[in-house]
Amino acid sequence: MIIILTVFAVVVGCIIGEMVYENRLYNDLQSDLERIAVSIEKNEEHVDNPETVELCKKLVKKWESGKRVLLILQNHNTVRALDDKIVSLESVVKSDNYNDAVIFVTSAINYIDDILLDGIPFLSNIL
């Protein structure tokens with residue numbers, strides 16, 4: 001009985017740790033994306049300004065460090081779809097394309113919202 005309870009406690013601890021890690025990473029990414037969106041709106045005429053490019057580099061660096069763990073913990077298609085959005089956002093910002101930058105940053109923010117809503121077990125998700 002003690003072994004079963006110990007294994008159960010370890011499994012529950014791992015599940016909680018996974019949820020906390022994913023939630024924290026996605027919230028950090030979302031706040032970075034929101035800062036990028038503000039910078040894009042503020043610099044509409046010159047999207048590839050140093051501030052926005054630096055914010056994109058930091059976002060990509062954070063994403064690359066967390067992506068490998070997420071590929072283990074989550075559905076690969078979900079992670080790859082967000083990866084496409086983030087990499088495309090950086091490329092579009094560097095090419096000074098305002099319209100596409102707005103589309104990609106908004107799309108990434110909305111996608112993370114969807115991931116966060118699906119990732120945390122709510123009673124409505126369970127039923």
>> Taking the side chain as everything from C-beta on, heavy atoms only, tell me whether Val102 gets closer than 4.5 Å to Glu44.
In response: no
> Where is the tightest heavy-atom contact between Ile40 and Ala101, given as atom of each residue plus distance?
Replying inline: CD1-CB, 3.8 Å
> In chain order, what residues pass the side-chain contact (heavy atoms from CB on, under 4.5 Å) check against Asn43, with sequence neighbours excluded?
Replying inline: Ser39, Asn49, Glu51, Thr52
> Does the side chain to side chain contact (heavy atoms under 4.5 Å, CB included) test come out yes or no for Trp63 and Leu82, once each step is laid out?
Replying inline: CA-CA 9 Å; Trp63 171 244; Leu82 184 58; 3.7 Å; yes
> With distance as the sole test, does Asp48 use its side chain to make a donor-acceptor pair with the main-chain N or O of Val93 at under 3.5 Å?
Replying inline: no
>> For Val87, is there any backbone N or O sitting under 3.5 Å from a side-chain donor or acceptor partner on Ser91?
In response: yes
> Taking side chain as C-beta onward, heavy atoms only, is Tyr21 less than 4.5 Å from Leu73?
Replying inline: yes
>> Please check if the number of heavy atoms outside Ile4 that lie under 6.0 Å from its CD1 is greater than 12.
In response: no
>> Side-chain heavy atoms nearer than 4.5 Å, only ILVMFWY residues, links allowed to pass through others: does that put Val20 and Val12 together?
In response: yes
> Between CD1 of Ile112 and CD of Glu34, what distance do you get to the nearest 0.5 Å?
Replying inline: 9.0 Å
> Are the side chain of Ser65 and the backbone of Lys62 linked by a donor-acceptor contact shorter than 3.5 Å?
Replying inline: yes
>> Regarding Asp114 and Asn110, do their side chains bring together a donor and an acceptor under 3.5 Å, going by distance alone?
In response: no
> Quick one: salt bridge (charged side-chain N to carboxylate O under 4.0 Å, His left out) pairs with a partner in residues 74-85, sequence neighbours left out?
Replying inline: Lys67-Asp83
> Quick one: SG on Cys56 to CZ on Arg35, what's the gap to the nearest 0.5 Å?
Replying inline: 12.0 Å
> Would Leu25 end up clustered with Leu71 when hydrophobic side chains under 4.5 Å apart are linked, directly or stepwise?
Replying inline: yes
> Within a strict 4.5 Å, meaning less than it, do heavy atoms of the Gln30 and Ile109 side chains meet?
Replying inline: yes
> Are the side chains of Asn99 and Phe104 in touch, meaning some heavy atoms are under 4.5 Å apart?
Replying inline: no
> From Glu54 CD over to Ile36 CD1, what is the distance, rounded to the nearest 0.5 angstrom?
Replying inline: 10.5 Å
> Going by heavy atoms in the side chains, are Val60 and Leu89 under 4.5 Å from each other?
Replying inline: no
> So, does Asp96 use its side chain to make a donor-acceptor pair with the main chain of Val47 at under 3.5 Å?
Replying inline: yes
>> Restricting to non-hydrogen atoms, name the atom on Tyr26 and the atom on Leu70 that form the minimum distance, rounded to 0.1 Å.
In response: OH-CD1, 3.5 Å
> When you look at Ile115 and Gln74, which way does the side chain to side chain contact (heavy atoms under 4.5 Å, CB included) test go after all the steps?
Replying inline: CA-CA 10 Å; Ile115 292 171; Gln74 283 194 315; 3.9 Å; yes
> Is there a chain of hydrophobic side chains (I, L, V, M, F, W, Y, each step under 4.5 Å between heavy atoms) that links Val11 to Met19?
Replying inline: yes
> For the residue pair Val105 and Leu33, what are the closest heavy atoms and their distance?
Replying inline: CG2-O, 3.3 Å
>> If hydrophobic clusters are built by linking Ile, Leu, Val, Met, Phe, Trp and Tyr wherever their side-chain heavy atoms come under 4.5 Å apart, do Val38 and Leu59 end up in the same one?
In response: no
